[in-house]
Amino acid sequence: MTASPTLGKDLTGLEHMTPEQIRLILDTAEPFKEVSERPIKKVPALRGKTIVNLFFEASTRTRISFEFEAMRIDMVVIRHPSSGAAEFLGNRIDSNVINAGDGKHEHPTQALLDLLTIRDKHGKIEGLKVCLVGDVLHSRVARSNLWGLTKLGAEVAVCGPWTLMPRGIEDLGVKVFGRIEEAIEWADVLNVLRLQLERMEKGFIPSLREYYRVFGVTPERLERSPRAITIMHPGPMNRGVEIDSRVADGPHSIILDQVTNGVAVRMAVLYLLAGGRAELADAAKRGGGE
Amino acid sequence: MSRALQRMAVEIVELAHGTDDLVLIGIQRRGVELAERIAKLIEKEEGATAAIPRGALDITLYRDDLETVGPKPVIGETHIPGDLTDKHAVIVDDVLYTGRTVRAALDELADFGRPKRISLCVLVDRGGRELPIQADIVGKAVKTVPGERVDVQVEELDGRDQVDLIR
């Protein structure tokens with residue numbers, strides 16, 4: 001029997017994870033879906049664990065100093081406006097740290113639930129053509145998806161206005177489409193990103209109506225594809241801006257499955273990290289999780 | 001093994017006073033196969049018109065040793081056929097040893113309803129209990145000491161039916 005992969009102490013991003021570690025989380029998430037259908041939707045695996053949700057809002061930069069050890073906190077879920085915040089914290093405390101979004105860097109659990117939802121729908125990820133549409137430049141969801149999808153063997157493309165495409169993204173082996181029609185012709189799956197409305201104020205796009213007219217995912221555009229394209233969105237949606245309501249609620253949308261799978265994936269991550277033994281965490285630090 | 005299963009099937013029907021409220025719950029993994037076989041034997045024996053409901057239970061998330069053993073790589077399927085309230089649930093497993101698996105299974109079943117009775121049926125009781133738990137129906141009782149292992153193989157998963165005591 002080969003040694004099964006472990007996750008190490010923290011989940012800060014998908015960039016440095018192995019495909020085996022990603023698959024371990026997806027496989028562990030499967031049985032948690034059934035838990036969500038039980039009359040009692042809880043299991044006692046984490047009984048007695050103290051978990052802190054640490055959500056820093058951009059507007060309330062209160063400096064909080066937590067005496068984590070004194071409070072006997074086992075796990076910290078952190079969202080922070082600065083890229084690298086989760087890793088910074090994880091390197092300084094013994095508790096497990098889970099990144100729930102750090103700046104423009106990563107949002108690993110969102111990407112993991114996206115991967116699980118794609119795998120459920122298509123039975124595989126390898127070889128699928130997945131296009132991330134919209135504000136890739138500012139999107140940590142896009143970045144984590146990109147790492148996860150390429151590690152599991154999908155072909156990845158991005159599509160959106162040039163002002164919202166990161167420079168040099170082609171170097172990561174990603175196709176870039178400047179027109180949504182090209183993306184639709186190419187893709188099996190469209191993951192439509194949320195357009196932050198303040199992007200317009202800051203001059204990245206001329207107007208929301210203009211954005212919808214040029215990049216909006218509409219039934220009329222999808223009809224031109226020979227395939228039924230799977231539609232995803234990490235939410236919350238701006239209906240009538242990046243996505244048309246008829247598409248969001250249409251037969252090929254798996255947006256509601258994403259919501260359901262989000263719970264299962266996050267339960268799986270908590271479970272896997274909580275069970276991580278100290279010696280496994282040390283080994284992971286030395287050798288990338290073997 | 002087939003004679004033991006046959007006898008266990010008969011004893012289950014006796015214990016449950018028939019098959020009306022009977023539900024067989026196998027513990028992952030080999031208990032699931034054994035429950036399936038016992039259910040078929042009961043159906044044949046009783047000439048049952050309706051199938052005996054059977055379910056599967058993976059107790060991983062109810063274990064008390066996550067901290068020391070670490071997470072199990074793959075958690076098996078849990079599937080409970082309908083509401084267990086007022087049913088007679090019979091837990092089926094291959095080996096009864098410390099009783100900790102059964103403790104976890106009892107906790108988990110309680111989250112699916114309130115059966116009027118829960119019984120325990122095991123193919124091998126090897127002693128060595130660490131909790132006050134006992135089986136209602138036993139295929140074979142074997143005296144063992146810590147360090148020994150009882151391996152149950154079933155046709156469906158292992159290609160043959162066999163019980164080994166490994167010293």
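In what follows, chains are A, B, ... by sequence order, proteins preceding strands, each numbered from 1. All of these numbers come straight from a predicted model, not from anything done at the bench. These values consider heavy atoms only, across backbone and side chains, with no hydrogens, waters or symmetry-generated copies.
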Inset, instruction - Enter the distance from B:Asp58:CG to A:Glu34:CD here, rounded to the nearest 0.5 Å. - result: 9.5 Å

Legend entry - Partner residues of A:His80 under the ring-ring contact (aromatic ring centres under 6.0 Å, His included) criterion, sequence neighbours left out: A:Phe56

Legend entry - Distance in Å, B:Leu66 CG paired with A:Tyr271 OH, rounded so as to fall on 0.5 Å steps: 5.5 Å

Inset, instruction - Indicate the atoms forming the closest heavy-atom contact of B:Gly76 with A:Pro31, along with that distance. - result: O-CB, 4.2 Å

Legend entry - Heavy atoms from other residues, nucleotides or ligands near CZ of B:Arg149 exceed 12 (cutoff 6.0 Å): no

Legend entry - Within 6.0 angstrom of A:Glu126 CD, more than 12 heavy atoms from elsewhere: no

Inset, instruction - Mark yes when over 12 heavy atoms from residues, nucleotides or ligands other than B:Glu36 sit less than 6.0 Å from its CD; otherwise mark no. - result: yes

Legend entry - residues 108-139 of chain B: residues contacting chain A (heavy atom under 4.5 Å, by number): B:Glu108, B:Asp111, B:Phe112

Legend entry - Proximity breakdown for A:Lys49 and chain B, heavy-atom pairs closer than 4.5 Å: side chain

Inset, instruction - Would you mind checking which part of A:Lys42 comes under 4.5 Å of any heavy atom in chain B, side chain (CB onward), backbone (N, CA, C, O), both or neither? - result: backbone

